[in-house]
Engineer: 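Let me give you the structure first, and then I'll get to my questions.
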There are 2 protein chains.
Amino acid sequence: MNDAFKALSDPTRRKILQLLKEKDLSAGDIADQFNISKPSISHHLNILKQARLVEDERQGQSIIYSINLTVMQEAMGWFLGMIGTKGESHDDERK
Amino acid sequence: MNDAFKALSDPTRRKILQLLKEKDLSAGDIADQFNISKPSISHHLNILKQARLVEDERQGQSIIYSINLTVMQEAMGWFLGMIGTKGESHDDERK
DNA sequence: CTTATATTTAGATGATAAGCTAAATATTGA
DNA sequence: TCAATATTTAGCTTATCATCTAAATATAAG
């Protein structure tokens, strides 16, 4: 969970996720969307992979990346818990 | 928005937000919950403030911090857009 | 006006992180 | 097997960040 928040803190990685939301892409196709070297993009993809925000699968020469929404939904859960009524979750709350 | 994601990437700051979700607290009361020096906590609070995730107001000697859910709701919106059906938001999508 | 309390600011340090180039690995096809 | 293509790994540099101590600021109380 912490890894996911860390991964999401970088704008390049968030943009990668938005691209993958549209459709699966190879590492090279992703790199083409940025003014950043391929090795750097590969590094970002690795961070996203460790956070389990993306998955990869080799297809011939290419490695195809796809988004994994499971962790994103968990993060959303954190926000939902946050946005609930202030102080609601007290056991000793008076009615 | 980027500031918010950056601010949320630190576990100490996320815990501060969770404390403030329960009730407003002074800077000192917040610092007491961590094994981190008061200046460091002050620094974290400043980052949260710049991201507009918290607000502060002086009350006598103390400065009281409170959570501001507006930006958090915006971040939630980002997640919602992300979790929508893969590829849905194309203009040229065929029905 | 002096002291005590609460918080922040300043300045320094060590750890993380993002970026690069060059080299290594893996796959395909001639 | 050799050359081309796709991606990652290694190693380095620079910048950002979390943390600390010491000093500064602001309010309250005697």
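Hydrogens, waters and symmetry mates play no part in the numbers below; they use all other heavy atoms, side chains included. The sequence lines fix the lettering, A, B, ..., with proteins before strands; numbering per chain opens at 1.
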Engineer: Write down the distance between CD (Gln61(A)) and C1' (dA6(D)), rounded to a whole number of angstrom.
Structural biologist: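 Atom-to-atom, Gln61(A) to dA6(D), this comes out as 6 Å.
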Engineer: Given atom CG of Asp3(B) and atom P of dT16(D), what is their separation to the nearest angstrom?
Structural biologist: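 Asp3(B) atom CG is separated from dT16(D) atom P by 13 Å.
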Engineer: Per the ring pair (Phe, Tyr, Trp, His ring centres under 6.0 Å) rule, what does the pair list look like for residues 6-25 of chain A, sequence neighbours excluded?
Structural biologist: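 Of all non-adjacent pairs touching residues 6-25 of chain A, none passes ring pair (Phe, Tyr, Trp, His ring centres under 6.0 Å).
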Engineer: Which residues within residues 42-60 of chain A lie with some heavy atom under 4.0 Å of an atom in DNA chain C?
Structural biologist: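 Within this stretch, His43(A), His44(A), Ile47(A), Arg58(A), Gly60(A) sit under 4.0 Å of the strand.
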Engineer: For Asp32(B), check side chain to side chain donor-acceptor pair (under 3.5 Å) against everything at least two apart and list the hits.
Structural biologist: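 Residues passing side chain to side chain donor-acceptor pair (under 3.5 Å) with Asp32(B): none at all.
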Engineer: Which residues pass the salt bridge (charged side-chain N to carboxylate O under 4.0 Å, His left out) test with Asp24(B), not counting sequence neighbours?
Structural biologist: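 Asp24(B) satisfies salt bridge (charged side-chain N to carboxylate O under 4.0 Å, His left out) with Lys86(A) once adjacent residues are dropped.
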Engineer: Would you please name every residue forming a side chain to side chain contact (heavy atoms under 4.5 Å, CB included) with Pro39(A), sequence neighbours left out?
Structural biologist: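 Side chain to side chain contact (heavy atoms under 4.5 Å, CB included) check on Pro39(A) returns Ser37(A).
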Engineer: Starting at atom CD1 of Ile36(B), determine the distance to atom P of dT21(D), rounded to an integer number of angstrom.
Structural biologist: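 It works out to 12 Å between those atoms.
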Engineer: Which residues satisfy the salt bridge (charged side-chain N to carboxylate O under 4.0 Å, His left out) test with Asp29(A), sequence neighbours excluded?
Structural biologist: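 Per chain and number, Asp29(A) pairs via salt bridge (charged side-chain N to carboxylate O under 4.0 Å, His left out) with no residue.
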Engineer: Taking all non-hydrogen atoms of both residues into account, name the closest pair between Leu69(B) and Met82(A) and its distance.
Structural biologist: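 It is CD2-O, 3.8 Å.
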Engineer: What contact category does Tyr65(A) fall into here, base, sugar-phosphate, or nothing, at under 4.0 angstrom with non-hydrogen atoms?
Structural biologist: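 Sugar-phosphate contact only.
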Engineer: Under the ring pair (Phe, Tyr, Trp, His ring centres under 6.0 Å) definition, can you give me all pairs with a residue in residues 2-50 of chain A, not counting sequence neighbours?
Structural biologist: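 The answer is Phe5(A)-Trp78(A).
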Engineer: Which residues in residues 9-19 of chain B have a heavy atom closer than 4.0 Å to any atom of DNA chain D?
Structural biologist: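 Here the set is Asp10(B), Arg13(B).
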Engineer: Are any side-chain N or O atoms of Lys21(A) and backbone N or O atoms of Gly81(B), one a donor and one an acceptor, separated by less than 3.5 Å?
Structural biologist: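 Yes.
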Engineer: Just checking Ser62(B): base, sugar-phosphate only, or nothing, at a heavy-atom cut-off of under 4.0 Å?
Structural biologist: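 Sugar-phosphate, no base atom in range.
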Engineer: If the cut-off is 4.0 Å, is Lys38(B) near the phosphate of dT19(D), judged by side-chain N/O to OP1 or OP2?
Structural biologist: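 The answer is no; no side-chain N or O of Lys38(B) sits under 4.0 Å from OP1 or OP2.
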Engineer: For Asp3(A), give me all partners under side chain to side chain contact (heavy atoms under 4.5 Å, CB included), at least two apart in sequence or on another chain.
Structural biologist: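 Once residues adjacent in sequence are excluded, the partners of Asp3(A) under the side chain to side chain contact (heavy atoms under 4.5 Å, CB included) criterion are Ala51(A).
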Engineer: Not counting sequence neighbours, which residues clear side chain to side chain contact (heavy atoms under 4.5 Å, CB included) with Ser9(A)? List them please.
Structural biologist: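 In terms of side chain to side chain contact (heavy atoms under 4.5 Å, CB included), with neighbours along the sequence ignored, Ser9(A) is linked to Arg13(A), Ser9(B).
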Engineer: What range of DNA chain C does chain A touch, first nucleotide to last, counting atoms under 4.0 Å from its heavy atoms?
Structural biologist: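 Nucleotide range with atoms under 4.0 Å of chain A: dA17(C) to dT28(C).
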Engineer: Is there any salt bridge (Lys or Arg N to Asp or Glu O under 4.0 Å) pair reaching into residues 53-72 of chain B, and which pairs are they, with sequence neighbours excluded?
Structural biologist: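 For residues 53-72 of chain B, and leaving out neighbouring residues, the salt bridge (Lys or Arg N to Asp or Glu O under 4.0 Å) pairs sorted by first residue read Lys49(B)-Asp56(B).
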Engineer: Atom NZ of Lys6(A) to atom P of dC17(D): distance rounded to whole Å?
Structural biologist: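 Distance check: Lys6(A) NZ to dC17(D) P gives 12 Å.
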